[in-house]
2 protein chains.
Amino acid sequence: MTARSSDDKPRNAQTVKALLKLRELILSGELKPGERVPELGIVERLGVSRTPIRLALVRLEEEGLVDCLSTGGFTVCRFDEQDIADAIEVRGTLEGMAARRAAERRPDRAELADIRDCVGSLDALVRRNNPTLDDFSDYIRLNERFHTLLVELAASPVLKRSIDRIQQLPFASPNAFVFVQSELARSREILVIAQEHHRAILEAIEAGEGARAESLAREHSRIARRNLQIALQNQQQMERVPGSPLIRMRKRA
Amino acid sequence: MTARSSDDKPRNAQTVKALLKLRELILSGELKPGERVPELGIVERLGVSRTPIRLALVRLEEEGLVDCLSTGGFTVCRFDEQDIADAIEVRGTLEGMAARRAAERRPDRAELADIRDCVGSLDALVRRNNPTLDDFSDYIRLNERFHTLLVELAASPVLKRSIDRIQQLPFASPNAFVFVQSELARSREILVIAQEHHRAILEAIEAGEGARAESLAREHSRIARRNLQIALQNQQQMERVPGSPLIRMRKRA
DNA sequence: CTGTCGATCATTGTATCCAATAACCGTTCG
DNA sequence: CGAACGGTTATTGGATACAATGATCGACAG
């Protein structure tokens, strides 16, 4: 989609701009859930003609961020707590399948080099007694890398695509709720547990233990579920979840 | 997407036409894997202007049937045997999650009525000693219904959407390989086994046995995997697989 | 013969316009 | 007050035109 020609400017630069900006308007809450996306308003706002905007909206619909109306046009989608939890679980289920497939493939030394390095780096990070904000930043980067490498080890384009697609929902990504950990009194402990999962998943893959790898990867996604529950008790944290304006909070009786 | 106004003609009738026709051209092999989709050629062929065609192509890209080129435009995707097997497995994994979630929800009598009827109808069908072609037709309809109802019982829009998306690949649908069974000498036996799975999945859901339901649903998708293997030995059968022109057959050395 | 360059043509992305239809508002009636 | 209707305005889908760029072909040089 970000089709790039030789000078690195996409051939469809206006469509890319429309897509990025629209996504931003939606995720920031400027375009509110349930409201119609006003094409002409976006035209004025972005300085792009309607055509690329309409192409971008079709893509955003496939991402799950907008729905089309029977009368024409699009509205911004809304998600509730259950949707978030389910998205995390779908990701965990598919990553579980990726871990199992990775183990079943019996990857060789060269294939495992990157993920071993990554787990080693995560280990060194987690071993620090008082994690700084920089440490947390590094953790987020390496965590994402671990998940990416895990999926690549499964060597299945179809599976990767399915995982990428659920992760188009911003709150479904592996790092979506990691920030919650950084604010807990026992934040280091949770890092320790998460890293134990990473390490054990790698170990299971190395040993060709598919069922173990799958179970561990699915349990690993439970950390995000736990963080979701924590964030739900804290409005300020919930506001920091990627895509939070799309999330309808349950009314307090 | 098929946004329909009050008189049942979609407001975007040209875009729908373009989408349906393009999909057909791709799945029938008229637009060949690896080849560029010629917009103007499609304009002439369908009698639709370029705008709806381009909107349809973006949707087909999200379906996985076309890829965009860095130089602009789209090419038809190609899949190999591993992609098919993986698509079936992703579907099975997600349907496994659906079955587990359905069981965990403890649905009441009313919620289970439809799927019970469906399983009952499948039972009556499978009990016949010599299945006719009409029987097979009914089987296909009821089989699809079973899978649809199963996913609905999970009561998760996010999960349903993930399953719908993998099923956009034609060879990943629950019925994609059922025809292979109709041509086997022991075709009734395979129906019996498949129906045992349906029945047991329902039983597990009724009993709230999530792990059992999940395992059964995943094993159930293995029937399609088996039929894939059978079809791979038989060029004529392989040609009848939905989307077969997209599939690159392995060269015989 | 092969590679490079330039010209031409075909294709695609985008902007703009037109027409259809949905939404909104005001008025009237029960 | 609420519902129905009609008129007006706004919005969206589709068609078309224009410009940019990629692909192709022929000529020339090494």
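Just so it is clear, the model here is predicted, and its values are computed rather than measured. In the text below, chain A, chain B and the rest are named by the order of the sequence lines, each starting its count at 1.
In this structure a side-chain-to-backbone donor-acceptor pair under 3.5 Å is present from N175(B) to I140(B).
Computed from coordinates, the L19(A) CG to dT14(C) C1' distance equals 16 Å when rounded to whole Å. The CD-P distance, from E39(A) to dT16(C), rounds to 15 Å in whole Å. R59(B) has its CZ atom 10 Å from the P atom of dG13(D), to the nearest Å. Here dT21(D) presents its P atom at 17 Å from CG of L69(B), a figure rounded to the nearest Å. Between I42(A) atom CD1 and dT11(D) atom C1' the separation is 13 Å, expressed in whole Å. Atom CZ in F74(A) sits about 13 Å away from atom C1' in dT11(D), given to the nearest Å. Between the P atom of dT16(C) and the CD1 atom of I53(A) lies a distance of 12 Å, rounded to the nearest Å. The interatomic distance linking N12(B) (CG) with dA22(C) (C1') rounds to 14 Å, in whole Å.
Proximity of S49(B) to the phosphate of dG14(D): no side-chain N or O atom is located under 4.0 Å from OP1 or OP2. The phosphate of dT12(D) (OP1 or OP2) has no side-chain N or O of T71(A) nearer than 4.0 angstrom. Contact check, R11(A) against dT14(C): no side-chain N or O comes under 4.0 Å of OP1 or OP2.
Taking a 6.0 Å sphere around CD of Q237(A), one finds it holds more than 12 heavy atoms contributed by other residues, nucleotides or ligands. Heavy-atom contacts from other residues, nucleotides or ligands closer than 6.0 Å to CD of E144(A) number 12 or fewer.
Each of R36(B) and L55(B) was assigned the nucleotide of DNA chain D with the nearest heavy atom; the assignment lying further toward the 5' end belongs to L55(B). Comparing Q14(A) and R50(A) by the nucleotide of DNA chain C that holds the closest heavy atom to each, the one mapping nearer the 5' end is Q14(A). Nearest-nucleotide positions on DNA chain C place L40(B) closer to the 5' end than the other of T51(B) and L40(B).
Across A154(A) and R101(A), no two heavy atoms sit closer than the pair CB-CB, 4.0 Å.
Residue V43(B) is out of contact with every strand shown, counting any heavy-atom pair closer than 4.0 Å.
With ring centers used as reference points, F171(B) lies under 6.0 Å from F79(B).
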